[in-house]
K.L.:
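Quick one: this structure, given as structure tokens, is what I'll be asking you about.
Just follow the structure's listing: the first ligand is 1, and inside any ligand the first atom is 1.
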Amino acid sequence: MSHLLEVTDLRKEYPLQSGLLSAVMGSRRVVHAVNGVSFVLDEGGSLGLAGESGCGKTTTAKLILRLLHPTAGSIRFAGRDVAALDGSDLLSYRRQVQFIFQNPYEALNPRFTILRSLLEPLIIHEIGQSIAERVERVAGALDRVHLNPPETFFLKYPHQLSGGQLQRVVIARALLVDPVLLVADEPVSMLDVSIRAGVLNLMRELSRERKLTTIYISHDLALIRYMCSVTAVMYLGTICEIGPTEEVIEHPRHPYTQALVSAVPDPDPTRPRRPVEIADTVPTPFQLPAGCPFADRCPQVMEVCRHLRPLLLPVDAGVRVACHLYPDSTPRTAEGYGAKMEPH
Ligand code: SF4
């Protein structure tokens, strides 16, 4: 079966500004923002990318959206190589893959009215036969995200709306062009806590109604648990654990996932909790360890972890883990994370 999205050994490196000495010596320092990420996503699926800030999840999203070009690896969408798309194929890809970024205040042009901001994608993608039809579509989209009556928002500017209203406008704009894949990066983190649930419920409802495929990027495991059926935990540019969300959160296998999960407050105070302590030292992304990227912080580190990278391989219950505690993750050669994952 072909997958809607197939990400294979994706890498993104940024060369660092080198000083005079390194220029003379010919050395080249590189930031490894994404370091061999692979996953597949089927139509209608929902994947959560979790991890601390700087782990490479937003860069992964930007690569999928083709806002950045990968250093290596590939992204295939509906069987086609995204890097090779151009002209009308690229425009079609940009219509089918929509995104919602963290800050709704930056997502809309402050000098455009809401109507103009929402008409623009319809004009670019030649959706609707006339202005009247397009305006009607905009009204329908605003109505769908519960901004009523829609006409009262047409001539407003972004600064006249609240954060929650603005994020609803951004959601309406993304859905106006009938996307297939929606990528949302920390979609409620800038919003007031009191309105987050409303926006998330709306996104979940609309995604189900339209059978959208979704990727949610968040440091918040509770959000991912609520929104996604599959969860991938990222650390230092790689995926260290991926599998069905309930399995990953209820029975975390990788020591880093265990630490993340143990840091989330449990609503059930009677449940026994065992906090997992990890060291504060985070390796810099331009000095990646030779072995497991998590070795310097891992409470269960072993000798083998220092020099051999574990592969991301199946453990049980549909979960894949990159950790030498699980014998299948220990490669015969020290190649690192190149294994292909199929979460579902
Ligand atoms: Fe810890 Fe070793 Fe597993 Fe890495 S491979 S998470 S260092 S036990």
Side-chain angles (χ1 to χ4, degrees), residues 7 9-11 13 31-39 47-57 59-60 217-221 224-225 230-264 273-343:
V7 174
D9 201 17
L10 195 62
R11 290 166 197 270
E13 297 172 354
V31 174
H32 302 271
V34 174
N35 193 28
V37 162
S38 303
F39 62 84
L47 172 74
L49 290 181
E52 295 162 305
S53 71
C55 70
K57 49 194 196 306
T59 307
T60 302
I217 291 158
S218 183
H219 66 284
D220 181 352
L221 282 180
I224 286 188
R225 186 176 202 169
V230 177
T231 293
V233 179
M234 288 188 70
Y235 185 79
L236 218 61
T238 64
I239 292 178
C240 61
E241 179 162 358
I242 184 169
T245 297
E246 283 307 306
E247 270 300 321
V248 170
I249 293 178
E250 279 297 315
H251 310 288
R253 285 134 174 105
H254 193 282
Y256 177 61
T257 317
Q258 289 169 357
L260 279 188
V261 170
S262 81
V264 177
R273 290 175 61 77
R274 197 161 47 92
V276 178
E277 302 284 339
I278 55 173
D280 287 339
T281 41
V282 186
T284 55
F286 49 84
Q287 281 174 323
L288 292 181
C292 172
F294 191 54
D296 285 347
R297 301 174 76 191
C298 182
Q300 300 182 67
V301 63
M302 304 171 286
E303 184 49 37
V304 63
C305 311
R306 302 277 183 200
H307 58 88
L308 199 60
R309 280 204 159 196
L311 295 176
L312 187 67
L313 291 173
V315 176
D316 58 8
V319 176
R320 290 169 186 244
V321 177
C323 174
H324 292 307
L325 293 171
Y326 304 89
D328 280 350
S329 291
T330 304
R332 288 187 180 80
T333 60
E335 287 174 328
Y337 295 96
K340 183 171 171 186
M341 298 162 277
E342 304 213 3

K.L.:
Taking 2.8 Å as the cut-off, does an N/O/S atom of C323 lie below it from atom 3 (Fe) of ligand 1?
P.N.:
yes
K.L.:
Considering the heavy atoms of L325, write down every atom of ligand 1 situated less than 4.0 Å from one of them.
P.N.:
8 (S)
K.L.:
Nearest 0.5 Å, what's the CD1-CG distance between I217 and L47?
P.N.:
8.5 Å
K.L.:
Ignoring hydrogens, what is the shortest heavy-atom contact between R225 and T245? Give both atom names and the distance.
P.N.:
CA-CG2, 3.6 Å
K.L.:
Quick one, N35 with R11, criterion side-chain contact (heavy atoms from CB on, under 4.5 Å). Give me CA distance, side-chain angles, the key distance, then yes/no.
P.N.:
CA-CA 5 Å; N35 193 28; R11 290 166 197 270; 3.0 Å; yes
K.L.:
How are the rings of F294 and Y235 set relative to one another: parallel (under 30°), tilted (30 to 60°) or perpendicular (over 60°)?
P.N.:
perpendicular
K.L.:
So if I count the atoms of ligand 1 from 1 in the order they appear, which ones are less than 4.0 Å from some heavy atom of H324?
P.N.:
3 (Fe), 5 (S)
K.L.:
I need the R309 CZ to T238 OG1 distance, nearest 0.5 Å.
P.N.:
6.5 Å
K.L.:
Can you sort out which atoms of ligand 1 are near Q300, meaning under 4.0 Å from one of its heavy atoms?
P.N.:
8 (S)
K.L.:
Hey, is C298 touching ligand 1 through its side chain, its backbone, both or neither, going by heavy atoms under 4.0 Å?
P.N.:
side chain
K.L.:
Taking it one step at a time, do V319 and H251 satisfy side-chain contact (heavy atoms from CB on, under 4.5 Å)?
P.N.:
CA-CA 10 Å; V319 176; H251 310 288; over 6 Å; no
K.L.:
Got an N, O or S from C305 under 2.8 Å of atom 2 (Fe) of ligand 1?
P.N.:
yes
K.L.:
Between C292, P255, A295, which one has a non-hydrogen atom sitting closest to atom 4 (Fe) of ligand 1?
P.N.:
C292
K.L.:
Under 4.0 Å from a heavy atom of H254: give me the atoms of ligand 1 that qualify, with their elements.
P.N.:
6 (S)
